[in-house]
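Below: the structure, in structure tokens.
These numbers were taken from a predicted model, which means no experiment stands behind them.
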Amino acid sequence: MFLISQRWRKPLFIGLPLVLIGGGMFVSSLGGVDGPVAGGHGAANRAQLKRACGGLLPYEELKGLVPDEVAGEVSQYGTMLEPGQASRSLVNCAVTWPGHGSVQVRAVPLISPLPMSVTAEEIAAGGGYQEYEVPGLTGRVGKDVSPWIVAECPGGLDGQVREVSGMYVVADVDQPDSGKGEQARYLTDFRTAVEVANGITARQECGGIPLAVPKRVVDTYEEDTVPDQDSADGEATRVEEPGLGVKKCRVLSKHALFPGSWVASGDLQGSRLLSVCTATVVDPDAPTEPVQPLEDGTITDVSTASWAGLLSQAAVDQYNITEDTFDSAEGRRTTPIPDDADTVTVALWARSACAAGSTYHRVDVGMYKHSVDYDEQDNYERTPTEAERTGLSRKAHELMDSYLTDPDGWPRQQRCHDTEILGEVQGWQ
């Protein structure tokens with residue numbers, strides 16, 4: 001069990017809607033002129049499913065969902081389906097059985113900005129939201145995040161305006177009558193996305209190892225209410241986090257730079273494109289609880305993250321939106337924090353060459369700063385002293401060095417070298 005720091009609690013992120021619009025879209029239905037006849041559509045629907053989306057859908061995986069009651073409808077477009085078509089999508093396709101479910105997939109070259117977030121704050125477990133990952137697969141799914149994966153295509157995708165060596169694939173299988181639990185439904189989403197990605201890379205002959213078809217999903221964070229005789233209301237919140245103590249993150253919990261007892265956790269994707277670790281200082285006598293009371297200047301939160309190859313520029317672009325990268329603050333190197341926040345941070349960025357290509361690293365160090373200063377208009381500011389700024393910066397650099405050199409850490413496992421320190425982002429008012 002583990003209590004996630006307030007600094008890492010996440011807002012809801014609305015996933016990518018698979019809206020099928022655009023030039024060249026093809027729509028077909030098996031119904032007659034006067035509408036579908038009730039019953040007797042099973043064989044035709046199965047044949048339609050096998051042909052739909054350029055034959056990329058995993059038929060054996062999905063055929064059990066095909067209803068007999070209504071005729072299926074297919075909407076599809078994309079450069080893989082119609083070469084020469086002007087579209088950002090390789091495949092954008094939906095097979096729908098009105099009132100009985102649907103299968104929607106979209107595969108897009110990693111040229112345009114990613115519609116899903118890959119920031120450390122979003123990938124980190126916690127915040128009370130159940131999200132799922134597949135060990136060995138770069139991707140994620142959750143209540144308000146569409147199921148997505150990233151697939152590499154080292155030889156390059158055909159028909160693109162510039163060279164691109166990978167794609168993201170979004171899959172959403174609606175199974176209203178399946179009786180499956182949440183994890184089983186999400187497993188179908190992941191398996192569908194993987195089969196589509198493997199089909200595209202095989203047809204494009206762009207090299208790379210096919211993605212393994214998932215056999216299970218892992219719940220990254222689960223929060224339950226359980227009886228507790230010692231609490232005032234007789235209840236307590238139990239948090240289960242499978243990524244707690246993961247080997248690649250242990251350097252954060254044993255780091256001598258930060259006094260106190262620490263608990264570290266990380267993502268479970270086992271990806272060569274993405275890695276996130278976080279750690280929070282806890283009460284040594286109650287490891288599931290934060291230290292109370294905190295004193296000004298206490299280091300409370302640290303994190304490390306890396307984005308390689310296909311995801312490296314995507315991550316920087318997303319942090320640029322909030323002016324939270326080494327080159328986005330136009331020399332200010334400062335990003336504001338909320339009025340009600342009581343933590344000031346320093347983030348340090350670096351760049352390396354790693355197994356999957358150019359890689360950006362980011363480490364964050366958060367310090368408790370409750371005391372405030374008031375200006376002439378009685379507006380308060382939460383600004384560290386010069387000594388505190390210097391100390392935070394030093395600790396961020398030391399943390400980056402430890403992260404890059406830890407034998408069990410992600411950078412060493414991905415053979416990162418030729419590292420260049422890029423700059424800091426300071427977060428305070």
Side-chain angles (χ1 to χ4, degrees), residues 1-5 7-10 116-142 145 149-150 216-223 239-255 257-258 261-282 287-288 290 299-308 311-312 315 345 347-350 352 354-356 359-366 396 399-416:
M1 295 191 294
F2 180 50
L3 181 66
I4 289 293
S5 165
R7 190 166 72 88
W8 286 96
R9 292 195 178 272
K10 302 182 285 186
M116 69 288 292
S117 177
V118 292
T119 63
E121 296 85 347
E122 284 295 332
I123 300 299
Y129 307 120
Q130 284 184 283
E131 297 177 338
Y132 298 88
E133 296 174 337
V134 174
L137 186 65
T138 305
R140 205 170 178 87
V141 65
V145 181
I149 67 169
V150 172
R216 65 186 181 101
V217 298
V218 178
D219 189 348
T220 65
Y221 185 91
E222 187 172 352
E223 198 171 283
V239 173
E240 298 293 340
E241 190 176 339
L244 203 62
V246 65
K247 189 175 182 180
K248 68 176 182 178
C249 302
R250 290 176 187 169
V251 67
L252 298 185
S253 59
K254 65 184 181 183
H255 205 292
L257 289 174
F258 310 116
S261 297
W262 288 77
V263 174
S265 64
D267 73 274
L268 300 168
Q269 298 179 33
S271 170
R272 77 189 205 120
L273 302 176
L274 171 68
S275 178
V276 173
C277 294
T278 65
T280 300
V281 66
V282 296
T288 62
I299 302 300
T300 58
D301 304 274
V302 296
S303 68
T304 61
S306 295
W307 302 268
L311 294 183
S312 59
T345 65
L348 177 65
W349 287 83
S352 300
C354 303
T359 301
Y360 286 103
H361 311 287
R362 174 186 168 110
V363 301
D364 281 77
V365 178
L399 177 59
M400 178 69 80
D401 183 63
S402 294
Y403 174 56
L404 295 174
T405 58
D406 177 31
D408 296 323
W410 187 92
R412 276 292 179 91
Q413 297 300 312
Q414 297 301 318
R415 304 188 302 280
C416 297

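In this structure the side chain of Pro135 reaches within 4.5 angstrom of the side chain of Arg216, judged on heavy atoms. Annotation: side chain of Asp301 is not in contact with side chain of Asp364 (no heavy-atom distance under 4.5 Å). Contact check for Ser275 versus Gln414: no side-chain heavy atoms found under the 4.5 Å cut-off. Inter-residue side-chain proximity for Ser253 and Val263 is flagged as unmet; no heavy-atom pair is nearer than 4.5 Å. Side-chain contact check for Val217 versus Val141: every heavy-atom pair is 4.5 Å or farther apart. The shortest side-chain heavy-atom distance between Gln269 and Arg140 falls under the 4.5 Å cut-off. Residues Met400 and Leu404 meet the side-chain proximity criterion, which asks for heavy atoms closer than 4.5 Å. Side-chain contact between Trp410 and Thr304 is absent, with no heavy atoms from C-beta onward closer than 4.5 Å.
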| request: Decide yes or no on side chain to side chain contact (heavy atoms under 4.5 Å, CB included) for Leu274 and Val150, but give the supporting numbers first. | output: CA-CA 10 Å; Leu274 171 68; Val150 172; over 6 Å; no
| request: Could you go through the side chain to side chain contact (heavy atoms under 4.5 Å, CB included) check for Thr278 and Ser265 one step at a time? | output: CA-CA 6 Å; Thr278 65; Ser265 64; 3.5 Å; yes
| said: Pair Leu399, Leu252 - check side chain to side chain contact (heavy atoms under 4.5 Å, CB included), show working. | reply: CA-CA 8 Å; Leu399 177 59; Leu252 298 185; 3.6 Å; yes
| Steps toward side chain to side chain contact (heavy atoms under 4.5 Å, CB included) verdict (Lys248, Asp267) | CA-CA 10 Å; Lys248 68 176 182 178; Asp267 73 274; 2.7 Å; yes
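The CG atom of Asp406 sits 11.0 Å away from atom CG of Asp401, with the distance rounded to the nearest 0.5 Å. Rounding to the nearest 0.5 Å gives a distance of 11.0 Å between CH2 of Trp307 and OG1 of Thr359. The distance from atom OG1 of Thr119 to atom CZ of Arg362, rounded to the nearest 0.5 Å, is 8.5 Å.
Relative ring orientation between Tyr403 and His361 is described as perpendicular, the plane-to-plane angle rising above 60° on a 0-90° scale split at 30° and 60°.
With hydrogens and angles disregarded, no donor-acceptor distance shorter than 3.5 Å links the side chain of Ser352 to the backbone of Cys354. A distance-only check finds no donor-acceptor pair linking the side chain of Asp408 to the backbone of Lys247 [under 3.5 Å].
A pairwise comparison of heavy atoms in Ile299 and Phe258 identifies CG2-CD2, 3.6 Å as the closest pair. The minimum heavy-atom distance between Leu273 and Ala356, with the atom names listed, is CD2-CB, 3.8 Å. Contact record, Cys249 with Ala264: O-CB, 3.5 Å, taken as the closest heavy-atom pair.
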